[in-house]
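All remarks here apply to the structure that follows.
Index from 1, following the sequence. Atoms within a ligand are numbered from 1 in the order they appear, just like the ligands themselves.
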Amino acid sequence: MTDRNASDSTSRDFIRTIVAADVDAGTYDRGVITRFPPEPNGFLHIGHVSAICLDFDVAAEFGGRTHLRFDDTNPETEDMRFVEAMKADVRWLGFDWGEHLYHASDYFEQLYAYAEELVTTGQAYVDSSSLEEIREYRGSVTEPGRPSPYRDRSVEENLDLFRRMRAGEFEDGAHVLRGKIDMAHPNMVMRDPVLYRIRHAHHYRSGNEWCIYPLYDFTHCLSDSIEGVTHSFCTLEFVPNREIYDWLLDNLDVPRPQPRQYEFARLNVEHMVVSKRKLIPIVEGGHVSGWDDPRMPTIAGLRRRGYTSAALKSFARGAGITRVDKRVDLGKLEYEIRADLNPKAPRVMAVLDPLKLVVTNYPEGRVERLEAPFFPHDVGKEGSRTVPFTRELFIEREDFAVDPPKGFHRLSPGNEVRLRYGYVVRCTDVVHDESGGVHEVHCTYDPETRGGDTPDGRKVRGTIHWVSASESGSARVRLYDRLFSKPNPEDLEEGEDILEQLNPESLVDVSEARVEPGLLEAEPASHFQFERLGYFFVDPVDSEVGRPVFNRVVTLRDSWAKQQSDTPTRTPEPKTGRPSATPSTPRVYRPEEPMAGARFDDYVGLGLGEQEASVLVQDAPLAALFAATHAAFPDAGTVAKWVVNQVPRVAEGRAVEALPFGGDELAQLLFLIDAGEISGRTGREVLEVLAAEGGSPRAIVEARGLGLIADSGELATLVDGLIAENPDKVAAYRGGKTGLMGFFVGQAMRVSGGKADPKVLQKLLADRLD
Ligand code: ATP
Ligand code: MG
C-alpha cells in the first residue's frame with residue numbers, strides 16, 4: 001500500500017510551515033502542544049481522523065505532545081457513553097494522549113473566575129434581554145447592531161447579578177453574561193458575544209453543581225490557555241471565531257505567549273456526511289442500527305465494517321491539509337483498504353446466491369479433500385487448507401447462463417468451466433423449475449483435471465468459485481453500499497431533507513450464504529477475501545460461535561469506474577434502483593487523455609465540482625451552453641449544476657442545441673433565483689416551460705404567478721396550520737430538538753409548492769415556535 005506514515009506527511013503544508021517557524025523562532029519555550037477537542041455529543045467520524053492525525057502528527061513531528069480534551073459545556077447533549085466511545089476510537093487509531101486527558105468541565109471554576117475578571121474590568125455585562133431581543137439587536141451582515149438597554153450597567157451591579165446567576169437565583173433565560181465589545185463590529189461574532197447562559201440542567205460530570213454554563217467561544221481559548229496549548233487547529237467554520245479567541249486572551253490576565261488558532265478545511269468524503277449533528281437524526285430516526293452501524297461514516301462504524309486504522313490514517317494523511325473545502329472521492333478510501341488487506345487477508349470461497357450443480361459422473365457419497373492455498377498469488381506466503389469436493393455443489397447463480405452473452409466465459413450449456421482448485425466440468429443439462437427459472441445444472445467432470453490443469457492442454461477460459469452442498473456451512477453475509485446515493489448528500493434543494501438522500505439499498509442482507517466449512521470457525525474481527533467477491537470482516541458484535549456474520553468491507557475492484565468507461569453516459573451519478581448484489585464504488589472523474597485532463601482542471605479551477613467538470617469535458621453541446629450562461633452569470637459552480645443536472649432532464653432526449661432557449665435565458669433564470677424572486681424549485685419548473693416553449697423567464701414567472709409568497713399574512717396562516725397539525729414535533733422542538741426547524745421549513749415548502757419566501761418563513765417559524 002502507499003504507506004503514508006506520520007513522517008511522510010511532513011512535506012510542509014501551511015500548518016507545518018507555521019509551526020516550524022515558531023519552533024525556529026523559539027516562540028514557545030514549552031514546546032509544541034496541540035489538542036484534539038471533540039464535543040461528546042455523538043461518535044467520531046472519518047473527518048475527525050483528519051483532525052486527529054493533524055493534531056497528533058504535528059506535535060510528534062516537533063517533539064511535542066497532544067492533549068485529548070472533551071469540550072463538554074452543553075449539559076443537554078453530552079453523555080459519558082460518547083466520551084468512552086471517543087477515547088476508544090482515538091486509541092484504536094493508534095494515538096496516545098498519555099496523562100493528558102482533560103475535560104472543559106474540569107475548568108468550570110477557573111472559567112468562572114476569568115468571567116468575573118472581565119466583569120470587574122468592565123469588559124463584560126449581564127444582559128437581561130430575551131434571546132429573541134438579543135438576536136434582533138444584533139443586526140445583520142448589512143446592518144450594524146444596537147446596544148442592549150442593559151449594556152451600561154455598573155460593574156457592581158453586573159458582579160452582583162452574575163454571582164446571583166451562579167447561585168441559582170434566576171430561571172433559565174433570565175439573564176446572560178456578554179462580552180462588551182462592539183455592537184457595530186463588522187464581524188457579527190464580535191457584537192457583544194454571549195459568554196454564559198443559565199441552564200438548570202444535570203451535567204454528566206459536574207452533576208448539579210452548576211446552573212450557568214460557558215459558551216464555546218469563551219471556553220475554548222481559555223481551555224487552550226489553561227493547558228498551555230501552543231497551536232490550536234480547527235476547521236474553517238471557526239474563522240470568524242478567531243477574533244473572539246484572540247480578544248479574550250488579549251484582555252484577560254493569562255500566561256503569555258498565548259495559544260493561537262489556525263483553521264484548515266474539513267475533510268468531506270463523497271456519499272458521506274461528516275458532522276455529528278447531521279448524523280444524530282440518522283441514528284435517532286432508526287435509519288441505521290446505531291452509531292457503529294457498518295454503513296456509518298463513524299470510526300466505530302468503519303471499524304466494524306472491517307476498515308483498518310492503517311487504511312483510515314493513510315487516507316486522511318493522503319487527503320492533506322489545505323484551506324480549500326474538498327470532498328474526496330470514495331474510491332480513494334476504498335483503494336486504501338484494498339491495499340492494506342490485499343497482502344493480509346486469506347483467500348477463501350463462499351457462494352452468496354447458490355445454484356445447485358450436480359456432477360453426474362461423480363460417485364455419490366464420496367468426499368475428496370482438495371488442497372487450496374490461502375495466498376494463491378503470493379509464492380512467499382505459506383498456508384493452505386483443504387476444501388471438500390462432492391457430487392453436489394453450489395455455484396454462484398450469476399456464474400451460469402442458459403443463453404450466454406458474447407464474451408461470457410463462465411458456465412453455460414455444453415461448455416466447460418474450471419472449478420477453482422477442483423476439476424474442469426462441462427454442463428450437460430439444465431433443470432428448470434415450474435416458473436421456468438433455472439433449478440439446478442448438471443455437469444460431468446473430467447477426472448484428469450484435478451487441481452484445474454488440463455493434461456491435453458485444451459483451453460478452459462473461465463474459473464469460478466464453488467462450495468460443496470453437503471459439506472459447506474451456512475452464514476449470514478451483509479453487503480454494504482454507500483449510505484447516501486448522491487456524492488454530495490448535503491447538496492439539497494430548498495426544503496429537501498438530508499434523510500431523503502439515504503440510499504434505500506445500502507444494505508443487502510444475505511441470510512443463507514454458503515461458506516467453506518473452515519469459515520464457520522472464523523475468529524470475530526478477522527479479515528478474508530472471498531474469491532471474486534470482495535474483502536469481508538467477521539462482525540465482532542453479531543457473530544456467534546459456529547455462526548459467523550460477515551460484513552463486506554469493499555468489493556475487489558472499482559467496478560463502477562469500469563462500468564462508466566464502457567458506456568459513457570451524461571450523468572455519472574450512480575443509478576439507484578439497480579440490483580445491488582454487487583454494489584459498486586464510485587468512478588474516478590479526471591480523464592486520462594491529456595487535453596481532456598487539462599480542460600477538466602480548468603473547470604475545477606473555476607469552482608466546478610469534479611462530477612460536473614467530468615460531464616462537461618465529455619459533452620461539447622453542454623459545454624457550449626455552460627460557457628454562454630457563464631458569460632452572463634458569474635457563479636460558475638451554480639451554472640454548471642444547472643447545465644449538467646437540470647438541462648438534460650428538461651431536454652428529455654432532445655439535442656441541447658435544439659432547445660428553444662440558450663445561455664442568456666438560463667442566466668436570467670439564475671438571476672431570478674439568486675435575487676430571491678423565485679425558489680430553486682420554481683426555477684426548475686420555469687426551466688421546463690423554457691424547454692417546452694421558449695420565452696423569457698421573467699415573463700413566465702409573471703404569467704403563471706410563480707413568484708415567491710412573501711406576504712407574511714398568507715405564510716402565517718400556513719405556519720399556524722403546520723403547528724396545529726404537528727403537536728408532537730412542536731413539543732420536541734421546544735424541548736430542545738431545534739434540528740426540527742428543518743422539518744418545519746421542509747413541510748412549509750411542500751405545502752406552498754416551493755413558493756414560500758424562505759427568509760419570511762424562517763422568521764415566522766422562529767417566532768411561532770420559540
Ligand atoms: P458537530 O456537528 O457536533 O459540531 P463535528 O463533527 O463538527 O460535530 P466537533 O466535536 O465539533 O465535531 O469537532 C472536533 C474537532 O474536529 C474540531 O477541532 C473540528 O474542527 C474537527 N473536525 C470536525 N469535523 C471535521 C472534518 N470533517 N474534517 C476535519 N476536522 C474536523
Ligand atoms: Mg463542530
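The nearest heavy-atom contact from the protein to atom 2 (O) of ligand 1 is S275 OG, 2.7 Å. The single protein non-hydrogen atom nearest to atom 15 (C) of ligand 1 is F36 CE1, 3.8 Å, given as residue, atom name and distance. Protein heavy atom nearest atom 7 (O) of ligand 1, with residue, atom name and distance: R266 NH2, 3.5 Å. Atom 28 (N) of ligand 1 has L267 N, 2.9 Å as its closest protein atom, hydrogens excluded (heavy atom only). For atom 8 (O) of ligand 1, the nearest non-hydrogen atom of the protein is K276 NZ, 3.0 Å. Closest to atom 29 (C) of ligand 1, if we only count protein heavy atoms, is G47 O, 3.1 Å. Scanning the protein heavy atoms around atom 20 (O) of ligand 1, the nearest turns out to be T235 OG1, 2.6 Å. The protein non-hydrogen atom at the shortest distance from atom 5 (P) of ligand 1 is H48 NE2, 3.8 Å.
D192 and R138 are not joined by a salt bridge, as no carboxylate oxygen comes within less than 4.0 angstrom of a charged side-chain nitrogen. Note on R35 versus E227: no salt bridge recorded, every NZ/NE/NH1/NH2 to OD/OE distance being 4.0 Å or above. A salt bridge between D325 and R266 is absent, with no side-chain N of the basic residue lying under 4.0 Å from a carboxylate O of the acidic one.
Residues satisfying the side chain to side chain donor-acceptor pair (under 3.5 Å) test with N488, not counting sequence neighbours, are R327.
Judged by the shortest distance from any of its heavy atoms, H45 lies inside the 4.0 Å radius around the atoms of ligand 1.
Side-chain N/O atoms of D22 and T27 include a donor and acceptor closer than 3.5 Å. For the residue pair D246 / Q261, no side-chain donor-acceptor distance below 3.5 Å is found, with atom types taken as modelled.
Counting heavy atoms under 4.0 Å from ligand 1, residue N41 touches it through the side chain alone.
Residue pairs meeting the ring pair (Phe, Tyr, Trp, His ring centres under 6.0 Å) criterion with at least one member in residues 55-77, sequence neighbours excluded: F56-F95, H67-H100, H67-Y102, F70-H103.
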